[in-house]
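Below is one structure, written out as structure tokens, with a few remarks after it.
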Amino acid sequence: MANYWNQEIECMSREDMKKLQSERLVAQVKHVYENVPYYRDLMDKKGVTPDDIKSIDDLHKLPFLTKADLRDAYPYGLLAKPLADCTEIHSTSGTTGKRVVAFYTKNDIELWHECCARAIVAVGGTEDDICQIAYGYGLFTGGAGLDGGSHKVGCLTLPMSSGNTERQIQFMMDLKSTILCCTPSYAAYIGETLHEMGYTPDDIHLKAGIFGAEPWTEEMRREIEKSLGIKAYDIYGLTETSGPGVSFECEAQTGMHINEDHFIAEIIDPDTGEVLPEGAKGELVFTSITKEAFPLLRYRTRDICVLTREKCSCGRTLVKMCKPMGRSDDMLIIRGVNVFPSQIETVLIEQGYSPNYMIEVDRVNNTDTMDVYVELTPEQFSDTVKDLQSKEKDLAAAMKTMLGINPKIHLVSPKTIARSEGKAVRVKDNRKLH
Ligand code: ADP
Ligand code: ZN
């Protein structure tokens with residue numbers, strides 16, 4: 001039995017959807033060209049005018065936007081509406097220099113909540129449900145997005161935010177929550193804690209979970225489903241496109257339907273920028289066709305993905321994306337925080353260390369760990385053990401300031417970190433997420 005929030009859109013014929021997307025794209029390109037000088041310049045440089053965009057078949061003519069553009073244009077350079085028309089701001093988990101700030105009008109919030117409402121209904125949510133939201137609230141988009149979706153559906157919303165796990169479980173039992181929304185790693189941790197507290201899934205009333213904002217595997221899905229006695233569904237999004245709800249999983253649990261009436265998805269070759277045919281693996285690019293305040297056109301997500309239009313058993317006709325299979329840049333997501341190796345390198349150089357380092361990431365008991373091995377110069381190496389320990393502490397503190405998370409630092413002897421003959425391999429990710 002399929003449940004839809006907006007059946008007309010979710011099950012729309014391909015032809016009608018293309019028409020709707022084309023109309024919205026044409027209007028959106030005009031809106032952006034007139035109101036965002038930064039993007040107008042990019043279009044002018046490429047020799048494209050709004051008149052060249054007549055339907056989605058012309059989408060490929062538009063220039064791309066990247067995270068670097070967002071950085072250049074920070075904070076207001078991509079804003080397409082007066083600030084007086086904006087009602088909310090959110091920001092990525094990224095840190096100084098990499099921060100993305102997104103703006104929303106009242107209507108943008110409305111549409112975002114609509115997308116999240118579709119996700120909740122797709123997992124069986126109705127006004128009879130009690131929706132426990134354990135994504136972080138605040139600048140992060142997770143809490144706000146699902147909270148809005150839950151209200152829209154008419155669920156009884158339990159805005160827990162993340163953390164305080166025993167209290168989460170207590171409320172879950174006392175108030176009989178039926179849907180849990182949080183990151184998959186937090187869901188796994190809640191499951192573990194439930195068992196440690198001496199309970200079983202029979203003691204709680206959850207039936208479904210909506211988990212996203214970071215990569216997770218099918219194994220992890222099964223583990224969470226077992227430990228909480230639920231069905232676990234994926235949800236995808238990024239701050240640049242509003243937040244969670246760009247795509248969501250249905251009962252088939254075989255990929256996420258993209259809300260195509262709001263976002264046009266393309267897959268491109270990350271090296272050449274060429275648009276790839278359906279079914280090919282490449283970088284996912286989104287064009288927001290309904291957002292007013294922060295309408296990114298052809299935004300390169302860096303997520304590597306495959307799109308499919310194979311018929312889905314749920315009846316939805318919205319295109320499906322697979323779980324992201326990795327990234328075309330070197331960004332790591334550690335405990336939900338975006339980390340770039342270049343940030344670590346910057347700290348090392350600032351603090352007087354050599355740029356010979358190695359980052360090792362792992363997941364222990366469902367929590368990400370980060371170890372950074374840093375090679376000492378022969379002069380630094382002559383310090384006493386006590387000096388080295390205090391140096392490790394100082395360096396960890398400097399990293400924490402830059403990254404927002406605390407890595408474990410290991411200062412190692414000169415010439416012990418392998419040199420590379422080609423591209424340096426700086427990251428060893430043992431988490432097996434893909
Ligand atoms: P948010 O604040 O919504 O997490 P960010 O902009 O910080 O957004 O991070 C967005 C990135 O998180 C995406 O580009 C993608 O790499 C990752 N991500 C989000 N949802 C998922 C998901 N369901 N599976 C895998 N990766 C995801
Ligand atoms: Zn489906």
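Indexing begins at 1, ligand by ligand and atom by atom, following the structure's order.
Of the candidates Ile333, Asn338, Thr183, the one placing a heavy atom closest to atom 17 (C) of ligand 1 is Ile333. Of the candidates Met256, Glu214, Lys67, it is Glu214 that places a heavy atom closest to atom 22 (C) of ligand 1. By heavy-atom distance, the residue among Leu284, Ile304, Leu238, Asp303 lying nearest atom 14 (O) of ligand 1 is Asp303. For atom 3 (O) of ligand 1, the nearest non-hydrogen atom from the set Thr141, Val246, Ile210 belongs to Thr141.
Under a 4.0 angstrom heavy-atom cut-off, Gly237 registers as being in contact with ligand 1. The closest approach between Glu240 and ligand 1 falls below 4.0 Å for a heavy atom of the residue. Under the 4.0 angstrom criterion for non-hydrogen atoms, Lys323 is not in contact with ligand 1.
Aromatic ring centres of Tyr186 and Tyr135 lie farther apart than the 6.0 Å criterion allows.
By the 30° and 60° cut-offs, the orientation of the rings of Trp112 relative to His90 is perpendicular. Classified by interplanar angle (parallel below 30°, tilted 30° to 60°, perpendicular above 60°), the ring pair Tyr236/Phe286 is tilted. Ring orientation note: the planes of Phe248 and His257 are tilted relative to one another, at an angle of 30° to 60°.
Proximity to Ile235 (heavy-atom distance under 4.0 Å) selects the following atoms of ligand 1: 20 (N), 22 (C), 23 (N). For ligand 1, the atoms closer than 4.0 angstrom to any heavy atom of Thr92 are 6 (O), 7 (O).
Remark: the Tyr299 side chain and the Glu240 side chain contain an N/O donor-acceptor pair separated by less than 3.5 Å.
Computed with the Zn ion (ligand 2) at the centre, the His257 NE2 to Cys250 SG angle is 110°, stated to 10 degrees. Geometry about the Zn ion (ligand 2) gives an angle of 110° between SG of Cys314 and SG of Cys312, rounded in steps of 10 degrees.
With respect to Arg221 and Glu249, a salt bridge is recorded, a charged nitrogen being found less than 4.0 Å from a carboxylate O. Of the charged side-chain nitrogens involved, none lies within less than 4.0 Å of a carboxylate oxygen, so that Arg431 and Asp362 do not count as a salt-bridged pair.
The shortest N or O to N or O distance between Thr301 and ligand 1 is not under 3.5 Å. The shortest N or O to N or O distance between Gly243 and ligand 1 is not below 3.5 Å.
The proximity of Thr239 to ligand 1, defined as any non-hydrogen pair under 4.0 Å, involves the side chain as well as the backbone. If you look at Phe140 next to ligand 1, the close heavy atoms, those under 4.0 Å, all belong to the side chain. Of all the heavy atoms of Pro324, the ones lying under 4.0 Å from any atom of ligand 1 belong exclusively to the side chain.
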Please test Gln351 against Asp394 for side chain to side chain donor-acceptor pair (under 3.5 Å), starting from the C-alpha separation and ending with a verdict.
-> CA-CA 9 Å; Gln351 303 285 319; Asp394 291 347; over 6 Å; no
Which is it for Glu260 and His262 under the side chain to side chain donor-acceptor pair (under 3.5 Å) test, yes or no, and what are the steps along the way?
-> CA-CA 5 Å; Glu260 290 182 278; His262 299 298; over 6 Å; no
Quick one: do Asn430 and Glu360 satisfy side chain to side chain donor-acceptor pair (under 3.5 Å)? Show the steps, please.
-> CA-CA 7 Å; Asn430 302 323; Glu360 196 166 358; 3.0 Å; yes
